[in-house]
S.K.: 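Could you have a look at this structure, given as structure tokens, before my questions?
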Amino acid sequence: MMVLSPCRWLLQVFAYRPVLLALLLPFLLTEPVLASVNISDSLLQVLPAQPDTVKVDIYNRLFWTTFYDDREQALQYATKGMELARETGSIRAQHGMAICLGHYYKESGAYEKDLEYKLEAIALSRELTTFDEALSRFSLGESFRAQANYQLAMVFLREALNMAKTLQTDSGAWLVAKCQLETGLSYGQMQQLDSAEFILQNSLHVFDSLKNIASIGWGHLGLGEVYMKQARWTESQQQFQKAIYFFDVTENTQGMSSAYHQLGLLELGKEQYNKALQNFGRAVELAKLRNASDEEIYRLKLEQANAYLKWDKLDEALAVADSCLKQFGQEESSRVFIEANYLLSRIYRARKDNIKALWHADVSYEGELMRNQANARKEFKNLAIVYQAEQQQQINKILQQDIQLQEQNHRQNLFLGISAGGILLTLLVIWALLRQSQLHKKLVGSNSIIEKNRADLLHTNMALSSQNKKLQEINSEKDSIIKIITHD
């Protein structure tokens, strides 16, 4: 391990400024930069005084800062964070904690629990951003690659890649590179080495441009594995050494353990057995330092036993392989049990003990059959889970379409109702205007008749007045005549 002074380490970190963002936002990363113990202590000190939504973010951060040092403590943080996220009802918080829990169970080999949380994350991400949807699919693809189910891994990684390409942000570019990295590693495992090399170089170029040293190490490690399979020893060794450098800067013990493991395999391929054993030993030490699972540690020890065997140090090989078998003697379908028995059969064959060699080979074969059956059942269950999730997605889509259709019908009915009401109101207005016009005509006609009758009445009154005046004149003359007669 390369030991750096604090000043030199800080200079290297600040030379890659975007890593500071990764340190502040670890929930964006699936293999985060490990923080120091002081950061964890600081987070725990401020935790009680924060509101619940902030507490969930702190638990998320605590998970990533402690995962590679103390997985069980990290699990407690993730569990508390998920409980609190469900209480608050925050979809984003539940999504982040589901990815944390899925990552824990993936690294622990509990793939069924891993899938459960990853599928929950995908369901929750549909109500969040495109980045969250892409990150959830990437995480599920990563899980299937860990199970060596490369076809399903490629399906989800391709979906995540297409989504991430639509994001014009640094986080989108980072996710594109992460998808390319996992895709390249999958191609490498499928022995499609030219495709793997091309894709891994592209991802590494993006990580370099983003100065994301947390991921640069994994890019170099992946390229080193591809070069090693192509027997390009010098280039492979350079890539592994670069990976160790970047993992050392970020204190990523998991990455360093993987890099030393690959260096051991490289030296084994070059028949440099002593160097291979040294690298395998360093990988074991780092695995123990980060509290790796017993299976992972003993598989690394089996690599040491295999190196001893190829070096013709049969006693040392037998001792190491036998200790691994005793540790997993009751787990007949475990990978350590199968590999230990297979290695012991090769060791006893080299020692000319054909009976024991045949017995261990038979046990290894039976264990492999059991494991394959278990893997077949697991594969079927995984496919069933994914199919069920896809079916549920289709059902939700149909229900959503039905709701939209109902809303559309409601809007159409409302429009038709308003239109009918408008038409009826218009007809009523027209009818009222026509009736008013008819009444107005009748009123005008009546007024005309009244005026005419009034004129006739006035004429009659004038005639009567004239006749009355004449009658008065006649009566006056009559009175005058009568007075004259009477006077005479």
Side-chain angles (χ1 to χ4, degrees), residues 1-3 31 34 66-74 104 106-110 146 148 185 217-218 220-222 224-225 228 236-237 239-331 334-344 346-347 364:
M1 178 176 179
M2 188 179 300
V3 179
E31 93 296 348
L34 290 179
T66 59
F67 179 78
Y68 295 103
D69 293 328
D70 190 343
R71 288 189 179 185
E72 296 309 312
Q73 183 63 58
Y104 169 84
K106 183 199 74 168
E107 292 296 318
S108 301
L185 294 174
W218 293 107
H220 285 301
L221 183 62
E225 292 180 24
M228 182 170 62
S236 177
Q237 186 173 18
Q239 294 297 322
F240 291 145
Q241 288 172 345
K242 289 179 180 179
I244 289 173
Y245 169 78
F246 285 105
F247 290 141
D248 188 22
V249 170
T250 57
E251 300 180 16
N252 190 334
T253 53
Q254 183 194 29
M256 292 183 68
S257 177
S258 299
Y260 277 112
H261 176 208
Q262 295 301 323
L263 268 177
L265 294 175
L266 174 67
E267 298 296 346
L268 198 61
K270 294 164 60 178
E271 298 183 354
Q272 299 294 320
Y273 303 117
N274 189 37
K275 291 183 178 180
L277 285 167
Q278 290 176 1
N279 287 310
F280 288 142
R282 191 73 184 107
V284 170
E285 291 175 6
L286 288 165
K288 290 179 178 179
L289 183 63
R290 64 182 178 85
N291 296 321
S293 65
D294 288 342
E295 181 171 350
E296 181 178 349
I297 292 172
Y298 280 93
R299 288 191 71 185
L300 288 172
K301 288 186 175 182
L302 285 175
E303 296 284 10
Q304 292 177 305
N306 185 46
Y308 280 124
L309 173 61
K310 290 191 174 184
W311 201 3
D312 289 330
K313 293 193 173 186
L314 303 182
D315 292 339
E316 290 86 345
L318 180 61
V320 176
D322 193 53
S323 68
C324 294
L325 182 61
K326 288 179 179 178
Q327 181 68 21
F328 287 84
Q330 302 302 319
E331 301 178 33
S334 74
R335 176 57 63 188
V336 174
F337 178 85
I338 295 169
E339 291 178 357
N341 275 291
Y342 174 69
L343 189 58
L344 283 167
R346 291 171 54 205
I347 293 170
S364 175

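Keep in mind that this is a model prediction, so the values were computed, not measured.
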S.K.: Rounded to the nearest 0.5 Å, what's the gap from CD1 on I338 to CG on L302? Could you check?
M.R.: 11.5 Å
S.K.: If I compare all heavy atoms of L300 with all of S257, which pair ends up nearest, and what's the gap?
M.R.: CD1-OG, 4.1 Å
S.K.: Show the nearest heavy-atom pair for residues V320 and S323, with the distance to one decimal.
M.R.: O-OG, 2.6 Å
S.K.: Hey, what's the ring geometry for H261 with F280, parallel, tilted or perpendicular (30° and 60° as the breaks)?
M.R.: tilted
S.K.: Do you know which of L314, L277, I347 makes side chain to side chain contact (heavy atoms under 4.5 Å, CB included) with Y308?
M.R.: L277
S.K.: Would you call E285 and R282 a salt bridge, using N to O less than 4.0 angstrom?
M.R.: yes
S.K.: Output the distance between atom CD (Q239) and atom CG (L266), rounded to the nearest 0.5 Å.
M.R.: 11.5 Å
S.K.: Test side-chain contact (heavy atoms from CB on, under 4.5 Å) on Y245 and H220 and set out the steps.
M.R.: CA-CA 10 Å; Y245 169 78; H220 285 301; over 6 Å; no
S.K.: Can you tell me how far the OG atom of S236 sits from the CD atom of Q262, to the nearest 0.5 Å?
M.R.: 8.0 Å
S.K.: Quick one: does any side-chain atom of N341 pair with a main-chain N or O of F337 as donor and acceptor, under 3.5 Å?
M.R.: yes
S.K.: Would you find more than 12 non-hydrogen atoms of other residues, nucleotides or ligands less than 6.0 Å from Y342 atom OH?
M.R.: no
S.K.: Which pair of non-hydrogen atoms, one from Y104 and one from R71, has the smallest distance, and what is that distance?
M.R.: CE1-O, 3.6 Å
S.K.: Show your reasoning for whether side-chain contact (heavy atoms from CB on, under 4.5 Å) applies to N306 and E339.
M.R.: CA-CA 10 Å; N306 185 46; E339 291 178 357; over 6 Å; no
S.K.: Find the distance between CD (E267) and CG (N279) and round it off to the nearest 0.5 Å.
M.R.: 6.0 Å
S.K.: Check the surroundings of atom NZ in K275: do more than 12 heavy atoms from other residues, nucleotides or ligands lie under 6.0 Å from it?
M.R.: no
S.K.: Over all heavy atoms of both residues, which pair between G217 and A243 is shortest? Give the atoms and the distance, please.
M.R.: O-CB, 3.4 Å
S.K.: Can you confirm if the NZ or CZ of K301 lies within 45° of the ring axis of Y298 and under 6.0 Å from the centre of its six-membered ring?
M.R.: yes
S.K.: Find the distance between CG (L185) and CG (L221) and round it off to the nearest 0.5 Å.
M.R.: 7.5 Å
S.K.: Determine whether a donor-acceptor pair (N or O, by modelled atom type, separation under 3.5 Å) exists between the side chain of D248 and the backbone of I244.
M.R.: no
S.K.: OH of Y273 to CD of Q278: how many Å apart, nearest 0.5 Å?
M.R.: 15.0 Å
S.K.: So which heavy atom on A321 is nearest to which on A305, and how close?
M.R.: N-CB, 4.0 Å
S.K.: Report yes or no: do Q254 and E107 form a side-chain donor-acceptor pair below 3.5 Å?
M.R.: yes
S.K.: What are the two closest heavy atoms between G264 and A276, and how far apart are they?
M.R.: O-CB, 3.4 Å
